[in-house]
Amino acid sequence: MGRRYGVRGPWVLRGVDLDLPPHTLVRVEGVNGTGKSTLLRLLAGVDAPTEGRITGRPRTAYVPERFPAALPFTAFGYLVHMGRAHGLTSAEAAARALEWLERFGAAGHARTPMAELSKGTSQKVAVAQALLARPELLVLDEAWTGLDTGARGELDRAVAERVAEGATVVFVDHDPRRLAGSAGLAYRLEGLTLTPAGSAAADPGPGVRIEATGMASAAVPGGLPGTSVVERDPGNPRVLRLTTTAAHSDSVLHALLSARPPWHITGVLVLRDPVPAGTAADLLPEPAAGAGTRAEAARAAAPTPARTAVPPPAAPPSSAPPPSSKPSPSSAPWRAPAPAPSLTAAPAQVSLPGGAPKPAFRPAPRPAVRLIAAPTRYHLALLARSQRWLAPVLLYAAVLGVGLRPGQPVLDSLGYAAAALVPVAAWLARLCVTQEPPAARTVTASAAGPSRAHVASLLAALGSALALGVAGTGITLLISEPSSTGHTVDVPIPPAALAGLLAAACCALLGTAVGALCSRPVLRRRGWSLLVTLLGVLLALVGRGSPAREAVTGLVSGSATGTVRVPLLPLGVAVAVAVTVAALTSRIASLRE
């Protein structure tokens, strides 16, 4: 795929071809301005490629380079909203929000407004929102910047946990030592494309042998990072022994303890010789000259029957060369060289003794209704807490106060109240699609998808406009006289109320469509968008064929004879227009931020 900004702008990325398998930690390097953040935004689903395509993107979370604290929520409230946007229930989102705030040492700021948080604490919230949903693809754009030492270490452990559970983690960081001993793949951005790069050297620490017991039918957790040998004694299948490095021991222990059913840790032994991260290591000594194969040496050295060694799931079987049969005078464990990074890799699998390989990670399905309801609820809360709703509400109240008088014919008043909704709905739509700071908008777009997030903002605006329409219709019915214009014919209230509500809905739909077409992502310049919005509102009210004009005209003309005309056809046209505009603008939102 490739990416450039503008129809004829210079290419930022071109000819990028990348395959990201599960159970993989991927580092992206490059000097400033080479397009690292652009690549990460593409992977996170915030932007779409100009050419080519990205397929197979799983459930994704994203931490942007700069995260704003100017959001009208507490830290806990924002995390709950983002958890719902990721598909969690409210209870799950609340529990995980508290858990991650505790892990990052920010539990004391759970009820603190985000505008009052320090830069470091705000960054902890940004990282927590990405981790609480346990995403299958985690994209980190310099996520460690601003964190204290303890929080950086906690983020390192969280990344290792995600990889151990089967996720793909892609990160950018200016520190070349960041996760250097753990990164499975590394790429450098230069010349508009990606090239494989070697990870920076890091001391993985000494080798660690972990012994655990569990049920005889318990499966070995998949995707154990750094693990080279998994041994299960045929004579006692409840006993499991693993060899890893100190850098990965915490992640391995976490995977064992969180498995279902869990494994119980019975011993942790630090080995004398270090085991480099990403290499294969065997606890058995190299066979002496004439001793035959390594299997024969194992049978000679072990008092019990030979254990079955299972290769690590992250390393393809063809990537490590076979061990040499050349005798070695050293008694140190044999080690094979680490496999070189590759642009493609087979999906991670776990091979169990006596069983067929099975996928190590399965994404959890999310209800479709929750996927759109959660971001809509978030935008409604953002609009309410920011108090930006106050200006359009006051405008609507002022228009009703000037134009409505007690004793006026009910149908005339209902038409006037409905027509006033067109500019108000357009204003609310502009507010809802632009109220998020850019960095917060990228987080929402990654969690819910840019198209779904944009539709949610329009639904929030439409819902607010409809609420105003219902209130305005009720007030109109209370103060108006149920008669025709000449006060000669009585107008039945129930049909008049229905016609007024449908006319209000028609005007709210058309006003929302006007606001969607006259703001981002269609129009970005504020001056031009305001001017075009005013023109669009005017055309919606007086333009021939406009469904809003037809609905209002039907009420006003019916008032002369006392006839109630229910605007079903204008409402149907308004629904079609609003749905078309929402689909068009959401598609544009998915193509460009």
Side-chain angles (χ1 to χ4, degrees), residues 372-373 376 380 392 396 399-400 403-404 409-430 432-433 455-477 480 482 484 491-518 533 536-586:
I372 192 64
T376 302
L380 283 172
Y396 187 61
V399 171
L400 294 186
L404 297 182
V410 65
L411 294 180
D412 284 336
S413 299
L414 287 174
Y416 182 82
L421 272 180
V422 175
V424 172
W427 194 346
L428 288 170
R430 288 176 52 84
C432 287
V433 299
V455 170
S457 66
L458 296 180
L459 288 176
L462 178 60
S464 302
L466 290 175
L468 287 178
V470 171
T473 301
I475 294 173
T476 302
L477 292 172
S480 299
S484 62
V491 176
I493 291 297
L498 176 61
L501 289 174
L502 294 183
C506 181
C507 292
L509 285 165
L510 203 62
T512 303
V514 170
L517 286 173
C518 301
T533 302
V537 168
L538 183 61
L539 288 174
L541 289 174
V542 302
R544 185 180 299 273
S546 167
R549 179 178 180 272
E550 295 297 327
V552 173
T553 302
L555 289 175
V556 174
S557 61
S559 179
T561 59
T563 303
V564 179
R565 299 175 180 174
V566 180
L568 294 178
L569 180 60
L571 179 63
V573 176
V575 170
V577 170
V579 170
T580 302
V581 170
L584 174 64
T585 55
S586 64

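Considering OG1 of T553 and CZ of R565, their distance stands at 10.0 Å, rounded to 0.5 Å. For the atom pair OG of S557 and CG of D412, the computed distance is 9.5 Å after rounding to the nearest 0.5 Å. Rounding to the nearest 0.5 Å gives a distance of 10.5 Å between CG of L466 and CG of L428.
For the pair A497 and T473, the tightest heavy-atom approach, listed with the atom from each and the gap, is O-CG2, 4.3 Å. When all heavy atoms of V552 and A418 are compared, the pair lying nearest together is CG2-CB, 4.5 Å. Residue A499 comes nearest to V564 through the heavy atom pair CB-CG1, 3.8 Å, listed as atom of the first residue, atom of the second, then distance. Among all heavy-atom pairs drawn from C506 and P570, the shortest one is SG-O, 3.6 Å. Across all their heavy atoms, T585 and A516 have their closest contact at CG2-O, 3.7 Å. The minimum heavy-atom distance linking S484 with V491 is given by the pair N-CG2, 3.9 Å.
Considering only heavy atoms from C-beta on, L404 comes within 4.5 Å of T476 through its side chain. The side-chain heavy atoms of L477 and L414, taken from C-beta on, include a pair separated by under 4.5 Å. For the pair Y416 and V556, the minimum side-chain heavy-atom distance is 4.5 Å or more. The shortest distance between side-chain heavy atoms of S559 and P409 falls below 4.5 Å. Taking 4.5 Å as the limit, every side-chain heavy atom of L541 sits out of range of all side-chain heavy atoms of S546. Proximity of L458 to V433: side-chain heavy atoms (C-beta onward) are separated by under 4.5 Å at one or more points. L509 places a side-chain heavy atom less than 4.5 Å from the side chain of L571.
Looking at R549, its side chain never comes within 3.5 Å of a backbone N or O of R544 through a donor-acceptor pair.
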